[in-house]
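Values reported hereafter were calculated over all heavy atoms of this structure, with side chains retained and with hydrogens, waters and symmetry mates removed.
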Amino acid sequence: MAIEVFSKFIKDYDLDINIIVSDESTHTVQEAASVHGVPVSNIVKSLLVKIDNNFALFLVSGDKRLDLEELKNVYSTKNIRMASADEVKEMTGYSIGGVPPFGHKNKLMIYIQSGFDESNDVVAAAGSNNAVFRISFKRLKEIVEKVNGEFKQ
């Protein structure tokens with residue numbers, strides 16, 4: 001199960017993260033924010049994007065959308081699209097809705113988009129659509145840097 005894979009990653013990197021499994025529905029960002037007591041803006045959406053022949057993960061605030069047209073301009077290419085469910089599973093090791101911001105099957109460039117309330121905790125997926133972890137925004141950035149070595153914002 002994917003939660004166990006993420007738990008092993010946490011242990012291997014000696015990260016102080018507690019996974020919270022909820023019986024309540026957290027399929028939407030509004031539900032997740034309500035269940036976990038954070039603003040919608042502090043729900044982390046982990047979105048995998050294919051840029052030409054590469055994949056990158058974008059961490060996006062729950063109340064924002066990832067603008068693919070803007071990314072086409074940033075990367076000077078028209079070959080940008082959201083990854084398919086199969087590609088997400090293949091590249092990250094997790095299914096859509098459960099992709100954590102780090103701890104993926106393959107090394108990915110990770111970009112944290114603006115829009116998070118950096119003074120409050122954020123809540124991110126921990127391997128499944130009903131498992132999350134709560135972390136300060138600052139610590140999230142530190143871990144992304146530590147485990148990937150390619151942190152971008």
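A ring-centre distance under 6.0 Å is not found for Tyr13 and Phe102.
Between Lys45 and Ser61, the closest heavy-atom pair is CE-O, 3.4 Å. Closest non-hydrogen pair, Glu24 versus Ser22, comes out as N-OG, 3.0 Å. In this structure, Asn120 and Asn42 approach most closely via the heavy-atom pair O-ND2, 3.4 Å. Val29 approaches Gly62 most closely through the heavy-atom pair CG2-O, 3.5 Å. Of all heavy-atom pairs between Pro100 and Leu57, the closest is O-CD2, 4.0 Å. The minimum heavy-atom distance between Gly115 and Lys64, with the atom names listed, is CA-CE, 4.1 Å.
In this structure the side chain of Phe55 never reaches within 4.5 angstrom of the side chain of Thr92, judged on heavy atoms. Using a 4.5 Å cut-off on side-chain heavy atoms (C-beta onward), Phe133 and Ile10 make no contact. Taking the side chain as every heavy atom from C-beta outward, Val5 and Tyr94 approach each other to under 4.5 Å. When side chains are defined from C-beta on, Val38 counts as touching Arg134, because their heavy atoms get closer than 4.5 Å.
Remark: the backbone N or O of Asp52 is not paired with any side-chain donor or acceptor of Thr77 at under 3.5 angstrom. A distance-only check finds no donor-acceptor pair linking the side chain of Thr26 to the backbone of Ala32 [under 3.5 Å]. Counting only distance, with no hydrogens or angles, the side chain of Ser7 and the backbone of Ile3 share a donor-acceptor pair below 3.5 Å. Checking side-chain atoms of Asn79 against main-chain N and O of Lys50 turns up no donor-acceptor pair under 3.5 Å.
Between the CD atom in Gln30 and the CD1 atom in Ile43 there is a gap of 9.5 Å [rounded to 0.5 Å]. Interatomic distance, Lys105 NZ to Glu90 CD, rounded to the nearest 0.5 Å: 6.5 Å. In this structure, Ile135 CD1 and Asn18 CG are separated by 10.5 Å, a value rounded to the nearest 0.5 Å. The distance from the NE2 atom of His36 to the CD atom of Glu31 is 10.5 Å, given to the nearest 0.5 Å. Rounded to the nearest 0.5 Å, atoms CD (Glu87) and CZ (Arg81) are 4.0 Å apart.
Residues Phe6 and Leu59 share a hydrophobic cluster, clusters being chains of Ile/Leu/Val/Met/Phe/Trp/Tyr side chains in contact below 4.5 Å. Hydrophobic cluster membership differs between Leu15 and Ile20, with clusters built from Ile, Leu, Val, Met, Phe, Trp and Tyr side chains linked at under 4.5 angstrom. Cluster annotation: Val123 and Ile17 are assigned to distinct hydrophobic clusters (Ile/Leu/Val/Met/Phe/Trp/Tyr, side-chain heavy-atom contacts under 4.5 Å, transitive). Hydrophobic cluster membership differs between Val40 and Phe116, with clusters built from Ile, Leu, Val, Met, Phe, Trp and Tyr side chains linked at under 4.5 angstrom. Leu47 and Ile51 fall within a single hydrophobic cluster, where Ile, Leu, Val, Met, Phe, Trp and Tyr side chains are chained together by heavy-atom contacts under 4.5 Å.
Applying the 6.0 Å contact sphere to CG of Asp23 captures no more than 12 heavy atoms from other residues, nucleotides or ligands. In Asp16, the CG atom is not crowded: 12 or fewer heavy atoms of neighbouring residues, nucleotides or ligands sit closer than 6.0 Å. Within 6.0 Å of CD on Glu4 lie more than 12 heavy atoms contributed by other residues, nucleotides or ligands.
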Given side-chain contact (heavy atoms from CB on, under 4.5 Å), test Ile110 with His104 step by step and report yes or no. CA-CA 11 Å; Ile110 299 174; His104 309 116; 4.1 Å; yes
With side-chain contact (heavy atoms from CB on, under 4.5 Å) as the criterion, how do Leu71 and Phe58 come out once you've worked through the C-alpha distance, each side chain's angles and the decisive distance to 0.1 Å? CA-CA 11 Å; Leu71 292 181; Phe58 290 83; 3.9 Å; yes
Going through the distances and angles, do Met82 and Leu48 end up as a side-chain contact (heavy atoms from CB on, under 4.5 Å)? CA-CA 6 Å; Met82 296 301 296; Leu48 189 67; over 6 Å; no
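Residues Asp86 and Ser84 bring no donor and acceptor atom of their side chains to less than 3.5 Å of each other.
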